[in-house]
Amino acid sequence: MTFEIQHTDPKSNARAGKITTDHGDIETPIFMPVGTVASVKAIHFHELKEDIKAQIILGNTYHLYLRPGLQTLEGAGGLHKFNGWDKPILTDSGGFQVFSLSENRKLKEEGATFRSHIDGSKHLFTPENVVETQRTIGADIIMAFDECTPGTADYNYAKKSMEMTHRWLDRGLKHFDSTEPKYGYSQTYFPIVQGCVYPDLRRQSADFIASQNRDGNAIGGLAVGEPTEKMYEMIEVVNEILPKDKPRYLMGVGTPQNILEGIERGVDMFDCVMPTRNGRNGMLFTSQGIMNMKNERWKNDFSPLDEYGTSYVDRVYSKAYLRHLFISKELLAMQIASIHNLAFYLWLVGEARKHIQIGDFSVWKKGMVEQVARRL
RNA sequence: GGGCAGUUACCAAAGUGGCCAACUGGGGCUGACUGUAACUCAGCUGUCUUUCGACUUCGGAGGUUCGAAUCCUUCACUGCCCA
């Protein structure tokens, strides 16, 4: 994997670049739709490519390992062959499940023991076997196994957690470097910065991660309970240290505003369940603001879903119709909302890229941040 | 014409003397959701009030009782059965 910076914004740390993988190029800044169990929920890949214009999607190690399981994935010839997505795939390591399934897991130095949310069975994830699993899945970008520290953790916990993530990183990298890809194309490994909301820990972690000199670096443990301003502050602290010539991936973020603020601070890659999950729950993100499609106010509004939207669903369907579909619990509602939201997210990062190229990113971003946060 | 059963909030349906402004579903309204255990979750849903609380309700009218959605009388309506 290679990364090339093509343009930089004169007034901020924003940059536009290109990531090259064996499954194709990715123009940054980029948003990566989340496809946890080998499917971006409610979306066909045809729509994902042609209408949403996604360039890379996520998969999840924990989920795919439990179901369909490694035997099936290996039998298929990897995830790309299995689900038919022939562009790049990034897999999360299960580090987020250490956080989100904290009721069902135990942490120790060796790794994390999970109780499957499907059948309750016990499974041990280690930095090494998680590399192995991601090799078998066949992800283009493999993520380190980390502890995603809650944003509310105290200093001592955050420090110990970060130090263990660093030790896990050493082990994971050692295993990664001593093994080969299984399907003939190359894979790369991103380490993850932790350190919670504590600047000195974040700096320490960023130093450690930067010193590994990998193809790209991730910032984890944000948007997990800390105030948004803290998140922005931590991004700034970390990005001062992470190498400029490597892509920076802010994991799990976020709202359209979060993404614009991240881009301004030098982040290149984002992923978040928000456009799909919130879409399924009736929320639409648009360039003009946020709409709760279940609200009564849309009942007789026959105007197009989003007159400034770029996807066909924005023109074909009206607000009143989509509201009707949500109220009636029709599956089509979730499809339309997901397509719209993802198309909007990809449009947003694409526009950011254009404005970085033109050189007026900061001005554009300032106006857009206000617009997208409005409630319609 | 006779017999039986029933009538509770938007709908369905509990409650059969005080713990009832009334269980529970559904529907409706509003909110939440950030590396997906999420087509999920939470709140509200008689009126007035920010809260405390006050007021008016359980087909209609009248009665018994300290007290009634709950007991009695009567009227109206609905369903089933018999003529």
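Lettering follows sequence order; numbering is per chain, from 1.
Taking all atoms of both residues into account, the shortest heavy-atom contact from A:V98 to A:A112 is CG2-CB, 4.2 Å. Considering every non-hydrogen atom in both A:M143 and A:A218, the closest pair reads CE-CB, 3.4 Å.
Here, B:rG79 and B:rC72 have their C1' atoms 25 Å apart, quoted to the whole Å. Atom name C1', nucleotides B:rA9 and B:rG28: the rounded distance is 13 Å, in whole Å. The C1' atoms of B:rA38 and B:rG46 are separated by 35 Å, rounded to the nearest whole Å. Straight-line distance between the P atoms of B:rG26 and B:rU40: roughly 11 Å, to the nearest whole Å. To the nearest whole angstrom, the two P atoms, one in B:rG63 and one in B:rG53, are 32 Å apart. Taking atom P on both B:rC81 and B:rC48, the two are 46 Å apart, rounded to the nearest angstrom. For the C1' atoms, the distance linking B:rU70 with B:rG59 amounts to 15 Å, nearest Å. Taking atom C1' in both B:rA22 and B:rU56, one finds a spacing of 14 Å when rounded to whole Å.
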Side-chain donor-acceptor distances from residues 28-47 of chain A under 3.5 Å, at least two apart:
{"residue": "A:T28", "atom": "OG1", "partner": "A:G17", "partner atom": "N", "Å": "2.9"}
{"residue": "A:T28", "atom": "OG1", "partner": "A:G17", "partner atom": "O", "Å": "3.3"}
{"residue": "A:E47", "atom": "OE1", "partner": "A:H44", "partner atom": "N", "Å": "2.9"}

Enumerate donor-acceptor pairs with a distance under 3.5 Å from any side-chain N or O in residues 325-335 of chain A to protein atoms, sequence neighbours excluded.
{"residue": "A:S328", "atom": "OG", "partner": "A:H324", "partner atom": "O", "Å": "2.8"}
{"residue": "A:S328", "atom": "OG", "partner": "A:H324", "partner atom": "ND1", "Å": "3.4"}

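Applying the side chain to side chain donor-acceptor pair (under 3.5 Å) test to every pair with at least one member in residues 295-304 of chain A, sequence neighbours left out, gives these pairs: A:D301-A:S303, A:S303-A:K319.
By the salt bridge (Lys or Arg N to Asp or Glu O under 4.0 Å) test, A:D268 is found to be paired with A:R15, residues two or more places apart in sequence or in another chain being considered.
When atom types are taken as modelled, the side chain of A:S12 and the backbone of A:D9 share no donor-acceptor pair closer than 3.5 angstrom. Judged by distance alone, with hydrogens and angles left aside, the side-chain atoms of A:R248 form a donor-acceptor pair with the main-chain N or O of A:L242 at under 3.5 Å.
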So which protein nitrogen or oxygen atoms get under 3.5 Å of nucleotides 42-45 of chain B's nitrogens or oxygens?
none

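Nucleotide B:rG79 forms a pair with B:rC4, judged by Watson-Crick or G-U wobble geometry with both contacts under 3.5 Å. Look at B:rA9: it lacks any Watson-Crick or wobble partner with both distances under 3.5 angstrom. B:rU16 is unpaired under the Watson-Crick or G-U wobble criterion, no partner having all donor-acceptor distances under 3.5 Å. Across every strand in view, B:rC29 sits in a pair with B:rG43 that passes the Watson-Crick or G-U test at under 3.5 angstrom. Shown here, B:rU74 forms a base pair with B:rG60; the pair counts as Watson-Crick or G-U wobble because both key distances fall under 3.5 Å. Base pairing annotation: B:rU65 forms no Watson-Crick or G-U wobble pair, as no partner gives both donor-acceptor distances under 3.5 Å.
The separation between A:L322 atom CG and B:rC39 atom C1' is 13 Å, rounded to whole Å.
You'll find the ring centres of A:H123 and A:F114 outside the 6.0 Å limit.
Note that A:R203 lies outside the cation-pi zone of A:Y198, set by a 6.0 Å cut-off to the ring centre and a 45° limit from the axis.
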- Task: Using a 4.0 Å cut-off on protein heavy atoms (strictly under), produce a 5'-to-3' string for nucleotides 28-38 of chain B with B for base contact, S for backbone-only sugar-phosphate contact, and - for none.
- Result: SSSSBBBBBBB
